[in-house]
Q: 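Structure below; questions to follow.
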Amino acid sequence: MDERAVLEELKKYRKMDLKYEDGAILGSMCTKPHPITKKISDMFFETNLGDPGLFRGTKKLEDEVINNIGKFLNNPNPFGYIISGGTEANITAMRAINNIAKAKRKNHKTTVIMPETAHFSFEKAREMMDLNLITPPLTKYYTMDLKYINDFIEDRNNKNDISVDGIVGIAGCTELGAIDNIKELSKIAEQNNIFLHVDAAFGGFVIPFLDDKYKLDNYCYEFDFSLNGVKSMTVDPHKMGLAPIPAGGILFRDKSFKKYLDVEAPYLTDIHQATIIGTRSGVGVASTWGVMKLFGEEGYKNLASECMDKTHYLVKEAKKLGFKPVIDPVLNIVALEDDNPEETSLKLRKMGWFISICKCVKALRIIVMPHVEKEHIDKFLGALTEVKKN
Ligand SMILES: CC1=C(O)/C(=C\N=C/Cc2ccc(O)cc2)C(COP(=O)(O)O)=CN1
């Protein structure tokens with residue numbers, strides 16, 4: 001095929017895809033990347049951070065991006081990477097917890113406490129590292145029951161039983177946007193010398209920029225490295241950071257954690273490699289650097305406010321039509337109670353609406369990303385009303 005034919009053929013495939021701007025994508029935590037990232041992608045498309053000695057400028061960008069993200073997460077000295085996504089970031093944090101535990105006790109089964117609302121990337125980590133996951137009961141706000149955690153750890157300590165090696169707190173859970181009480185989890189982690197990882201894959205680019213008027217009394221919004229017990233965080237630029245895929249982020253409190261991830265990499269320009277993925281493009285790094293410079297704190301504050309205003313609009317209009325949110329929106333995520341979410345979601349899909357559903361509660365799930373406008377919300381609620389009538 002000549003170049004023209006190749007491009008013509010590819011256009012046929014691309015036309016089969018949905019477009020964010022059409023507003024029918026309501027169940028995605030990704031959105032249309034900022035336009036500047038097209039130009040940045042073109043500049044950095046051949047870079048490979050898997051061999052950083054060859055791409056020193058791009059590696060310098062990654063270090064600056066990690067520091068810039070660290071700044072809005074109250075970490076003056078972060079260590080980390082911009083990697084394939086939140087899944088790789090969470091698995092990386094579990095690698096660190098597992099390797100720290102194994103270094104203390106050889107035949108120990110690493111035990112990690114995390115909520116049932118945790119993203120399924122932790123199930124992949126469990127399977128890969130044979131982790132022992134403990135899921136405490138949830139409160140009515142869909143956050144982990146702190147008394148249960150304290151009692152569980154105390155009981156283990158009293159029995160001199162297998163200790164708890166890690167705790168995972170979610171700052172903006174996938175299904176509902178609920179934020180665990182990271183402040184209390186940090187105290188528990190510090191008192192018991194347990195590694196606390198915060199999965200803020202979605203919330204990391206929202207919570208630091210959230211105006212107080214959107215904050216609910218039932219949740220604690222302190223969630224970052226300002227809490228001494230927090231040892232690592234997942235924060236994904238390719239969600240509310242408006243970077244193109246792939247751009248997940250893993251940050252550790254400092255560089256002392258690198259030794260728990262390093263693997264010898266003899267034939268690279270570096271002698272060690274800490275990331276799970278080897279060869280990795282620098283496009284996500286450069287795009288994140290660019291969008292963060294373009295937006296600044298004000299830009300992300302405006303973005304968070306715009307999405308929260310549309311979220312509250314959706315809830316207000318849905319309530320008028322008799323639909324009930326599972327919880328008041330914590331972030332730009334709405335879960336509407338539904339007696340048969342699978343069926344409703346399928347009917348909506350046939351009408352061209354792509355929402356998702358919750359697992360932890362019978363509900364429809366809508367993520368009000370920047371590409372979702374009020375007109376899309378109005379049309380969606382019209383379709384939902386029609387589906388529920390029949
Ligand atoms: C709290 C948390 C998440 O909500 C999460 C992903 N969430 C949602 C991923 C998603 C994105 C677009 C889409 O159309 C559908 C789903 C991940 C994994 O992030 P990923 O590997 O970048 O998908 C980790 N933690």
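Note that ligands are numbered from 1 as they come in the structure, with each ligand's atoms numbered from 1 the same way. Every value quoted in this text rests on a predicted model; they were computed, and no experiment measured them.
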Q: Does a donor on one side chain and an acceptor on the other come within less than 3.5 Å for Asp22 and His371?
A: no
Q: Here's one to test your reading of the geometry: is the NZ or CZ of Lys231 within 45 degrees of the ring axis of Phe195 and under 6.0 Å from its centre?
A: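 The answer is no; the distance or angle limit is not met.
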Q: Any non-hydrogen side-chain atom of Pro78 less than 4.5 Å from a side-chain atom of Lys255?
A: no
Q: With ring centroids as reference points, do Tyr300 and Phe205 lie under 6.0 angstrom apart?
A: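 Centroid separation for Tyr300 and Phe205: below 6.0 Å.
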Q: Determine the minimum heavy-atom distance between Ser186 and Gly229, stating which atoms define it.
A: OG-N, 2.8 Å
Q: Dump all N/O pairs between ligand 1 and the protein below 3.5 Å as a table: atom names plus distance, one pair per row.
A:
| from | atom 1 | to | atom 2 | distance (Å) |
| --- | --- | --- | --- | --- |
| ligand 1 | 4 (O) | Thr174 | OG1 | 2.8 |
| ligand 1 | 14 (O) | Ser28 | OG | 3.0 |
| ligand 1 | 19 (O) | Gly86 | N | 3.4 |
| ligand 1 | 19 (O) | Lys239 | NZ | 2.9 |
| ligand 1 | 21 (O) | Gly86 | N | 3.3 |
| ligand 1 | 21 (O) | Thr87 | N | 2.8 |
| ligand 1 | 21 (O) | Thr87 | OG1 | 2.6 |
| ligand 1 | 22 (O) | Gly86 | N | 3.0 |
| ligand 1 | 22 (O) | His238 | NE2 | 2.9 |
| ligand 1 | 22 (O) | Lys239 | NZ | 2.9 |
| ligand 1 | 25 (N) | Asp199 | OD1 | 3.2 |
| ligand 1 | 25 (N) | Asp199 | OD2 | 2.7 |

Q: Check whether any side-chain heavy atom of Ile366 lies under 4.5 Å from a side-chain heavy atom of Ile333, and answer yes or no.
A: no
